[in-house]
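Each remark here refers to the structure printed beneath this line.
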Amino acid sequence: MASYKDFLAQGGEKKWQDHWLNTKIDQASDFSDKPKKYVLDMFPYPSGAGLHVGHPEGYTAIDIYSRYLRLKGFNVLHPMGWDAFGLPAENYAIKTGTHPRITTEANIATFRRQIQSLGFSYDWDREVDTTDPKYYKWTQWIFLQLFKKGLAYEATVPINFCPSCKTGLANEEVKDGKCDRCGTQVEKKDLRQWMLKITAYADRLLEGVDKLDWPTSIKTLQKNWIGRSEGAEVDFQIAGSEEKITVYTTRPDTLFGATYMVLAPEHQLVQELKDKIENFAEVEAYIATAKNKSDLERTELNKDKTGVELKGIKAINPVNNVEIPIWISDYVLATYGTGAIMAVPAHDERDWEFAKKFNIPVIQVIAPLFDEVSEEDRVRPDKKTEVRDTVCVIIKHWSDNSFYCLNWEKFNWKSFVLGGVEAGENGQDAAIREMKEESGFKNIKAIRKIGGETHNSFFATHKDVNRYAKFNCYFIELADGERIEEEKIDTEFHFGEWIKSDNVDSYINLDNNLWYWRIYKNGETAFTDIDNGKMINSEFLDDLVPEEAIRKMIVWLEEKGVGKKAVNYKLRDWVFSRQRYWGEPIPLVHCDKCGTVPLDEKDLPLTLPEVEKYEPTGTGESPLATIDEWVNTTCPKCGGPAKRETNTMPQWAGSSWYWLRYIDPHNDTAFADQEKLKYWLPVDLYLGGAEHAVLHLLYARFWNMVLFDLGVVPQEEPFTKLINQGLILGEDGEKMSKSRGNVVNPDDILKEYGADTFRMYEMFMGPLEDMKPWSTKNILGVHRFLYKIWEMSQFVVDGSSDEELERVIHKTIKKVGEDIEKMGYNTAISAMMVLINKIQEVKTVSRNDFEKLLVILAPFAPHMCEELWSQLGHAESIFKEKWPEYDPDKVIDSEIEMPVQINGKVRAKLVLPANASDEEVKAAALSDEQVKKYISGEPKKIIVVKGKLISIVI
RNA sequence: GCCCGGAUGGUGAAAUUGGUAGACACGAAGGACUUAAAAUCCUUUGGACUAAUACUCCGUGCCGGUUCGACUCCGGCUCCGGGCACCA
């Protein structure tokens with residue numbers, strides 16, 4: 001028999017690849033008695049660089065799973081195709097004049113060859129290519145359905161425009177203010193665009209997320225991207241005018257704290273109120289500056305707020321009829337909500353910053369609420385409650401950086417000076433009086449108020465009542481150490497201590513005291529916590545918690561007709577047109593008489609015409625606009641002269657439905673046959689990179705929902721379960737990139753070690769989902785493993801294996817099966833390695849057991865297993881076999897090693913029969929010599945964990 | 001700043017309804033075979049203390065807690081990766 005090395009060198013793997021292709025062993029049959037599984041890879045963009053090692057990671061994972069499922073008796077659909085529209089081929093065309101079709105075909109050929117050389121069990125009869133007119137006929141058809149449902153519309157809006165790609169981009173394609181493709185800073189540009197109304201599906205896209213078996217990170221990414229928020233729209237009348245400003249807010253509870261309003265610079269109303277604005281020149285100048293700021297500048301400057309007040313007009317706060325100023329500022333976005341806000345500086349950080357900068361008043365309407373949680377201090381329902389105005393006094397030493405604190409030893413409180421405000425006193429009076437009474441000091445250098453009002457509810461043991469204390473805090477700096485008469489100092493419950501500034505944080509143990517201390521140290525900010533607060537200064541909302549206040553305020557607003565409940569999303573409609581050549585033409589014509597008219601379905605596909613120059617015009621027109629004979633057409637409705645839409649679709653169009661086409665790829669009369677769709681859908685397992693979280697995966701869900709609503713797709717959600725494979729990094733631990741020179745080409749690895757080794761290595765590296773570095777030398781480990789199995793044929797005997805080996809075999813079958821089901825391939829491989837090591841040790845394995853081993857290894861290393869299988873004399877493929885059953889009795893050991901822990905430390909190990917009773921185990925442990933050394937007298941406790949360990953407490 | 005992940009030997013990693021930390025593999029060291037090398041096979045390999053593969057102690061990013069027992073659970077941090085970023 002030839003060596004494994006010879007097998008590889010003589011093209012043994014290719015031999016089997018050809019055999020599988022020729023016998024169509026991987027073909028999925030539509031309709032079958034077997035249960036179906038649809039397992040799917042994200043199809044690649046066939047780039048000129050060819051496959052990199054990241055691609056096969058996911059493909060191998062899915063391939064192993066597919067082969068396993070077939071062995072388990074499933075009818076498996078496992079297809080591959082090409083997401084082939086896109087910029088690289090087009091940019092190459094611009095540079096060289098080569099038609100993108102030619103480049104694309106060449107790249108697809110390379111990709112197909114490389115993918116086939118890895119021995120993946122794809123059903124190649126179902127291959128799809130998004131650039132094939134037979135395919136994009138149906139992409140266009142779906143677009144027409146969207147158009148007819150009113151989900152595709154034309155609009156001239158400011159969109160993200162990439163000056164390098166010279167095309168508009170969807171929001172999802174902008175990362176960090178840069179073009180996702182080329183990294184160029186995007187600009188805002190007003191362009192006529194085709195938009196898809198994905199926002200109409202925002203709620204369903206959001207709700208659906210929860211039902212999906214997807215990684216939580218992707219689910220949260222989608223949720224955050226959709227960004228639903230609930231709140232209210234509120235109308236603010238402009239004083240002395242019929243005009244009003246409508247704002248969106250999630251915090252209607254804070255309306256009494258709204259001290260100004262802000263409009264986005266682009267807000268229409270600014271122009272409409274032009275005549276009333278006294279400083280309109282200044283306002284216009286600001287608008288112009290804001291407009292010229294790029295997105296980058298806007299975000300870079302986001303720390304420093306700018307704005308201009310609209311002088312001469314005021315808005316009326318509908319809850320109290322107070323007139324408040326109106327500003328414009330670019331911190332308010334024109335595209336979110338109503339493009340205008342009510343500003344509540346006390347409870348919004350941005351408004352706080354703005355108000356501080358421009359000296360706008362701040363009104364606190366929520367008091368932070370502190371509930372004491374310790375047993376003694378908690379409010380007692382049987383005691384009466386006293387509400388009291390209280391002061392907290394932070395007293396600073398006259399020369400040290402120390403603070404005067406009270407130690408209430410009996411109650412375990414450590415606080416600043418505290419006390420109630422007496423009748424006829426104001427807060428500051430009370431603070432000074434309490435300072436004198438409790439500390440004895442009397443000469444003040446400076447006093448000021450700190451922070452706002454806070455509430456504290458607790459049981460006051462020393463007074464035997466529940467207290468609801470409304471706190472205000474004063475900071476006093478002493479002038480000197482002179483004191484009042486000793487006997488007048490209140491020392492009944494506490495004594496005073498000077499605490500160094502650095503130690504105050506750990507000394508004070510009352511939360512609200514600490515709250516003020518932190519404000520003293522770090523300065524005041526907006527209070528934005530919605531869960532721990534009580535409404536104040538808010539008339540009918542006073543004493544409510546914010547959540548209740550929100551509800552009550554919305555009811556009030558609706559009753560008065562000045563506002564209503566409202567929902568907002570961050571999700572924007574999908575900018576769907578591209579001013580480029582290499583994409584699906586949008587099948588619409590513009591007719592002077594009939595407006596925008598869709599092509600007849602029978603006239604699809606509308607194919608891409610030949611052009612002389614692929615260069616985008618950069619003026620918002622695609623290269624298609626330059627071909628008069630293509631542009632000029634007749635209106636399908638009236639037959640009159642009309643012009644074709646010259647924009648093309650984005651790359652995401654073709655990938656938004658491709659999994660449907662695999663089901664029926666050659667159908668000329670529908671995108672897929674309904675019965676076949678019902679049979680195969682949904683996709684049971686989908687694997688791909690996380691970078692598509694808010695691109696492909698969102699668009700695909702959207703299109704699928706639309707098709708579901710049209711009744712042409714049976715499920716609302718396309719992908720039941722999703723797994724993300726982790727990125728494979730270069731050997732240096734950095735992202736693989738040409739410029740770093742750390743890219744690994746699979747072809748080189750295949751030449752050296754073969755496809756089976758390559759597949760095994762990528763699966764053995766670590767968990768599929770993890771990011772992990774490539775290491776060429778580590779490949780040897782799995783290569784040796786395969787080599788050992790090849791050489792193992794010499795140990796194969798007729799008859800039966802050693803009993804111990806049998807147990808290992810059954811355990812391995814169980815473990816590998818379970819691990820494949822959860823894609824724990826690294827541990828499945830290590831289990832098989834353990835088995836191989838065992839066989840090598842005993843040097844004999846029965847033919848029957850060796851064949852079982854080949855079957856469970858076959859999904860991982862299909863070529864070698866198929867070869868050995870055939871060498872063992874089988875005429876049929878190993879993949880026609882059944883996954884072996886394991887014997888449940890043989891996966892349990894008859895004897896187990898049990899560690900004995902004494903006070904948590906392992907002190908001895910006992911070998912005991914697996915079925916020993918707890919009593920027997922205890923007895924064995926206590927009579928063990930090692931154990932005896934540690935025990936004198938009766939142990940306090942003995943814990944026996946069946947089959948695991950014995951824990952003795954002494 | 002906010003939201004999601006993650007942190008275990010020299011390296012990739014394994015183990016979680018809480019139960020022997022480091023399986024499996026790489027690398028390294030030693031040995032066998034060989035004229036020699038490669039390949040292959042065998043042995044050792046978390047750290048400290050040791051003549052010791054005898055004891056003992058330490059050890060899963062850091063600090064604290066719960067427990068007979070914590071990589072695993074709870075509280076508080078640090079660092080790294082990813083995403084979002086003035087979304088009212």
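Order of the sequence lines sets the chain letters (A, B, ...), proteins ahead of strands, with each chain counted from 1. If you're wondering where the values come from, they're calculated on a predicted model, not measured in any experiment.
For B/C24, the OP1/OP2 oxygens have no side-chain nitrogen or oxygen of A/Thr827 closer than 4.0 Å. Taking side-chain N and O atoms only, A/Lys905 has a distance below 4.0 Å to OP1 or OP2 of B/C58.
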Can you give me the dot-bracket string for RNA chain B, 5' to 3', counting Watson-Crick and G-U wobble pairs with both distances under 3.5 Å, using [ ] for crossing pairs and | for partners on another strand? (((((((..(((......[....)))((((((.......))))))(((.......)))..(((((..]....))))))))))))....
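Here B/A88 is the nucleotide among B/A21, B/C24, B/A88 with the atom lying nearest to any side-chain atom of A/Asp348. You'll find that the side chain of A/Arg907 is closest to B/C57, out of B/C57, B/U20, B/G83. Taking only side-chain atoms of A/Thr220, from C-beta outward, the nucleotide of B/C68, B/C3, B/C24 with the closest atom is B/C3.
A/Leu949 comes within 4.0 angstrom of a nucleotide base, judged by non-hydrogen atoms across all strands. Within 4.0 Å (heavy atoms only), A/Pro215 reaches no atom of the nucleic acid at all.
Cation-pi check for A/Lys356 over A/Trp352 is met; the charged atom lies under 6.0 angstrom from the ring centroid and within 45 degrees of its normal.
Rounding to whole angstrom units, CD of residue A/Glu349 and C1' of B/A85 are separated by 13 Å. For the pair A/Ile328 CD1 and B/A88 P, the interatomic distance rounds to 22 Å; values are reported in whole Å.
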Are there any protein N/O atoms within less than 3.5 Å of an N/O atom in nucleotides 25-27 of chain B, and if so, which ones and at what distance?
from  : atom 1 : to       : atom 2 : distance (Å)
B/A25 : OP1    : A/Asn837 : ND2    : 3.1
B/C26 : OP1    : A/Arg784 : NH1    : 2.4
B/C26 : O2'    : A/Asn778 : OD1    : 2.4

Kindly give the atom pairs (protein nitrogen or oxygen, nucleotide nitrogen or oxygen) under 3.5 Å for nucleotides 74-78 of chain B.
none

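With a glycosidic angle no further than 90° from 0, B/G9 counts as syn.
For A/Lys940 against B/C68, a side-chain-to-base donor-acceptor contact under 3.5 Å is absent.
Salt bridge status for A/Asp505 with A/Arg518: present, with a side-chain N to carboxylate O gap under 4.0 Å.
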